[in-house]
Each structure stands twice: as structure tokens, then as C-alpha cells.
Amino acid sequence: MMLVNYIGSAVLIAIGLVTILTKKELIKIVIGMGIIDYGINLLLVSFGFNGGTAPIFSFTELTSGAYFVDPVPQALTLTSIVIGACVDAMALALVVMLYRKYKTTDASEIRRLKG
């Protein structure tokens, strides 16, 4: 079952990379960045799960053979989701500002930027 998660995350990352590298519309590029972010989040959660149970227990339930899932990758994934949402919002705000100035979202037509 874990192999499906690894394959799914690799497919999501590949789709996002292909979208970023081949599309010229800025909104499609931002969507590709989001897809890569979702693939990496799935990969982080998949690395953290190794067949254990949730690390929520009381002292009466704790036995010597209890095996718990590491909560650190889940915390990193939650942080990554928040950061990814902020990056997507900033990128879309930048696309809106570029559209207002150049009246297009085509990256090849916005090459007039000097930076």
C-alpha cells in the first residue's frame, strides 16, 4: 500500500515539473507549483508512516510492544501546507499585478521586464 503513495507522489511531482517547464501561462505555472507541493507533502507523510498507530495514548494503554508513528513528519507536512498556501497566494497576487500592468498572463509576452 505504501508503494502506491510513493508512486502517486512521484507522479504528482513529475506532473508539476512538466507543467512548470512547458506552459507559458503564469496561472498554469502557479498551479504546477501547487501540484509539486502536494506531491512533496504526500511523500513526507508517506515517509513518516511505518505501520504504527497514532501517538495518542494514556499510561494504561502503553505496553512494551507498542509501536507508534513518528509525529515529526506530520508536523513538517502541516507547516509545509501553510507555507505552500502562502506561496501560492503571493504568486497569484503577483500574477494579478502583472496582468494589470501588461494585460496578459503569457510569460513570453512579459519578457519586457528588466531586472
Side-chain angles (χ1 to χ4, degrees):
M1 185 64 183
M2 292 305 294
L3 183 63
V4 173
N5 289 349
Y6 295 136
I7 292 171
S9 65
V11 167
L12 284 174
I13 292 170
I15 288 172
L17 279 175
V18 168
T19 303
I20 288 174
L21 296 175
T22 60
K23 301 297 180 186
K24 294 192 182 223
E25 289 291 322
L26 293 175
I27 293 179
K28 291 180 183 178
I29 292 172
V30 172
I31 290 171
M33 288 177 11
I35 292 172
I36 288 176
D37 189 35
Y38 302 145
I40 291 172
N41 289 338
L42 178 61
L43 189 64
L44 280 174
V45 169
S46 298
F47 281 151
F49 179 74
N50 47 14
T53 60
I56 301 170
F57 59 90
S58 65
F59 287 109
T60 58
E61 297 172 347
L62 189 59
T63 63
S64 63
Y67 188 67
F68 297 109
V69 175
D70 185 18
V72 174
Q74 296 172 7
L76 289 173
T77 303
L78 184 61
T79 305
S80 174
I81 290 170
V82 172
I83 292 171
C86 293
V87 167
D88 288 343
M90 286 295 294
L92 287 174
L94 180 64
V95 168
V96 168
M97 293 179 74
L98 285 170
Y99 179 77
R100 286 181 183 165
K101 181 168 182 156
Y102 294 103
K103 303 295 185 218
T104 185
T105 59
D106 190 6
S108 62
E109 293 183 19
I110 305 179
R111 297 286 181 191
R112 295 183 279 161
L113 291 175
K114 303 288 184 200

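The distance from the CG atom of Asp106 to the NZ atom of Lys28 is 10.0 Å, given to the nearest 0.5 Å. One distance of note links CG of Leu98 with CD1 of Ile110; it measures 5.0 Å at 0.5 Å rounding. Rounded to the nearest 0.5 Å, atoms CE (Met33) and OH (Tyr38) are 10.5 Å apart. Of the inter-residue distances, the one linking Thr79 atom OG1 with Ile83 atom CD1 reads 6.0 Å to the nearest 0.5 angstrom.
Neither Val82 nor Leu42 shares a network with the other; the hydrophobic side chains, linked directly or stepwise wherever heavy atoms of I, L, V, M, F, W or Y lie under 4.5 Å apart, form separate groups for each. Taken together through direct or relayed side-chain contacts under 4.5 Å among Ile, Leu, Val, Met, Phe, Trp and Tyr, Ile13 and Val11 form part of one hydrophobic cluster. Under the 4.5 Å side-chain contact rule for hydrophobic residues, Ile31 and Met90 do not share a cluster. Placement of Ile29 and Tyr99 in two distinct hydrophobic clusters is found when ILVMFWY residues are connected by side-chain heavy-atom separations under 4.5 Å, directly or transitively.
Hydrophobic side-chain contacts under 4.5 Å tie Leu76 into a cluster, directly or through other members, with Val72.
Take Leu92 and apply the side-chain contact (heavy atoms from CB on, under 4.5 Å) test, not counting sequence neighbours, and it matches Val30. Residues forming a side-chain contact (heavy atoms from CB on, under 4.5 Å) with Asp37 (at least two apart in sequence, or on another chain): Asn41, Ser80.
A pairwise comparison of heavy atoms in Ala107 and Leu26 identifies CB-CD2, 3.9 Å as the closest pair. For the pair Thr22 and Val18, the tightest heavy-atom approach, listed with the atom from each and the gap, is OG1-O, 2.6 Å. Considering all non-hydrogen atoms of both residues, Arg100 and Lys103 come closest at O-NZ, 3.3 Å. Across all non-hydrogen atoms, the minimal contact from Gly39 to Ser9 is O-CB, 3.3 Å. Closest approach of Ser46 to Met2, counting heavy atoms only: O-CE, 3.1 Å. The shortest non-hydrogen separation linking Gly48 to Pro73 is CA-CG, 3.6 Å.
Atom CD1 of Ile81 has more than 12 neighbouring heavy atoms from other residues, nucleotides or ligands inside a 6.0 Å radius.
Partner Ile36 forms a side-chain contact (heavy atoms from CB on, under 4.5 Å) with one of Ile20, Leu12, Thr19 and no other, that one being Ile20.
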